[in-house]
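In what follows, chains carry the letters A, B, and so on, assigned in the order in which the sequence lines appear, proteins first and then strands, with residues in each chain numbered from 1. In this text, all values refer to a predicted model and were calculated from it rather than measured experimentally.
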Amino acid sequence: MPELPEVETVRAALARDLVGKKIKAASVTNGRVVRRHKSAKEFRALVEGRSVRSAERLGKYLVFAHDNQANLVVHLGMSGRLLRAKGPKDPKPKHTHVVFTLSPGGELRFVDPRTFGEMFVSSPPAPGETVEVSKFARLSVGGDGLARRARVPELAHLGLDPFEDQYGWDRFAAVLRSRTTALKAVLTDQDILCGIGNIYSDEILFAAGLRYDRPSESLSTIEIRRLHRSITEVLTEAIKHGGSTLEDEQFVDPEGKPGTYQQFHQVYGREGQACPQCRGPIERVTFHGRSTFFCPRCQS
DNA sequence: CCGGCTACCTGCCGGC
DNA sequence: TGCCGGCAGGTAGCCG
């Protein structure tokens with residue numbers, strides 16, 4: 001379940017290892033992965049022969065700028081991996097759906113058992129064509145973020161990325177006060193804040209001492225500042241440890257290395273265990289059809 | 001406009 | 001031992 005820290009880990013690895021290389025050939029063996037395109041053939045025609053100029057991230061999306069104004073966009077979904085390989089002789093994992101042959105040398109493969117992940121080539125909007133950028137992005141994102149959204153229309157609906165410029169606590173306060181929804185629903189709504197999913201929302205809310213079901217507009221200024229700080233701190237710490245790799249899922253970076261942040265999880269997946277702060281039992285509830293872990297004593 | 005529900009998928013695990 | 005239901009959850013699309 002790659003969320004922002006896992007996607008950032010992949011981005012950083014590919015910034016070192018993919019940028020500057022040319023995609024000589026692409027092979028697509030599961031068309032569902034490129035479902036935004038009319039055909040796999042169309043997708044191949046758009047990527048083959050292109051060089052990769054940069055590796056960026058917006059929320060949980062990877063954005064690789066091509067040498068022709070277009071961008072290759074990748075979302076890992078629930079179980080997607082981008083894996084480097086030395087060449088075609090390296091054994092292909094099951095569920096390898098796309099293989100890029102790179103120049104110089106090697107391959108980049110997209111492996112995704114559950115096929116919730118996808119990739120597509122985004123062409124810049126035609127001159128004069130306007131792109132509707134999400135109102136939460138407009139509210140707080142600086143020039144780069146807005147420009148990036150305008151360049152990739154498919155991602156223009158995304159809200160604030162927690163690491164984008166100009167994401168101050170006062171702007172964040174305006175976002176929270178504009179909704180009456182439960183905090184967890186706000187944190188995981190990609191059109192408001194992008195990059196946070198089920199695991200990190202629970203960890204962030206525990207760090208902030210706030211319950212998942214607190215109405216977002218009910219927070220005091222101090223609570224808003226605490227939540228704002230917790231978002232940055234938890235995600236930064238998770239990135240430092242290469243993201244989280246849970247026992248039942250298989251996140252690894254492009255070199256096949258798992259993350260280690262799971263050992264620092266305070267509440268996620270710890271139902272019945274002692275809260276690290278008060279030693280009371282961590283509770284698990286189903287919220288919006290998803291598991292939510294929290295400490296009823298430390299979070300209010 | 002907004003919130004809530006479901007479909008899309010495969011692997012894994014517990015129960016029978 | 002084998003089958004089957006439930007669960008995992010990110011996003012898009014639909015509906016009220």
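Remark: of the listed residues A:Glu237, A:Lys240, A:Glu6, A:Glu237 is the sole one forming a side-chain contact (heavy atoms from CB on, under 4.5 Å) with A:Tyr261. Screening A:Asp202, A:Leu205, A:Leu210 against A:Gln299 for a side-chain contact (heavy atoms from CB on, under 4.5 Å) leaves a single residue, A:Leu205. Paired with A:Leu62 under the rule side-chain contact (heavy atoms from CB on, under 4.5 Å), one option of A:Leu72, A:Asn71, A:Val74 passes, and it is A:Val74.
The pair A:Arg81-A:Asp112 fails the salt-bridge criterion, with no side-chain N (NZ, NE, NH1 or NH2) lying under 4.0 Å from an Asp/Glu carboxylate O. Salt bridge status for A:Arg36 with A:Glu118: present, with a side-chain N to carboxylate O gap under 4.0 Å.
Remark: A:Arg32 is in phosphate contact with B:dC9, judged by side-chain N or O atoms under 4.0 Å from OP1 or OP2. At least one side-chain nitrogen or oxygen of A:Lys94 sits closer than 4.0 Å to the OP1 or OP2 atom of B:dG11. A:His288 has no side-chain polar atom (N or O) that falls below the 4.0 Å cut-off from OP1 or OP2 of B:dC5. In this structure, A:Gln190 does not reach the C:dG10 phosphate: none of its side-chain N or O atoms is under 4.0 Å from OP1 or OP2. The phosphate of B:dC8 has neither OP1 nor OP2 within less than 4.0 Å of any side-chain N or O from A:Thr115. Contact check, A:His95 against B:dG11: a side-chain N or O comes under 4.0 Å of OP1 or OP2.
The side chain of A:Arg36 lies closest to C:dA12, out of B:dG3, C:dG10, C:dA12. Comparing C:dG9, C:dA12, C:dG10 by their closest approach to the side chain of A:Tyr268 singles out C:dG9.
Protein atom CG of A:Leu155 is 17 Å distant from nucleotide atom P of C:dG10, rounded to whole Å. Here the P atom of nucleotide C:dG6 and the CZ atom of A:Arg290 are 16 Å apart, to the nearest Å.
Within 4.0 Å (heavy atoms only), A:Ser291 reaches sugar-phosphate atoms of the nucleic acid but no base atom.
Toward the 5′ end of DNA chain C lies the nearest nucleotide of A:Arg284, the other residue of the pair A:Arg284 and A:Asp191 mapping further downstream.
By the 5.5 angstrom centroid cut-off and the 30-degree plane limit, A:Phe116 is classified as not stacked against the base of C:dT11.
For C:dT1, there is no paired base (Watson-Crick or G-U wobble, both distances below 3.5 Å).
The base of C:dG9 is paired with the side chain of A:Arg114 by a donor and an acceptor separated by under 3.5 Å.
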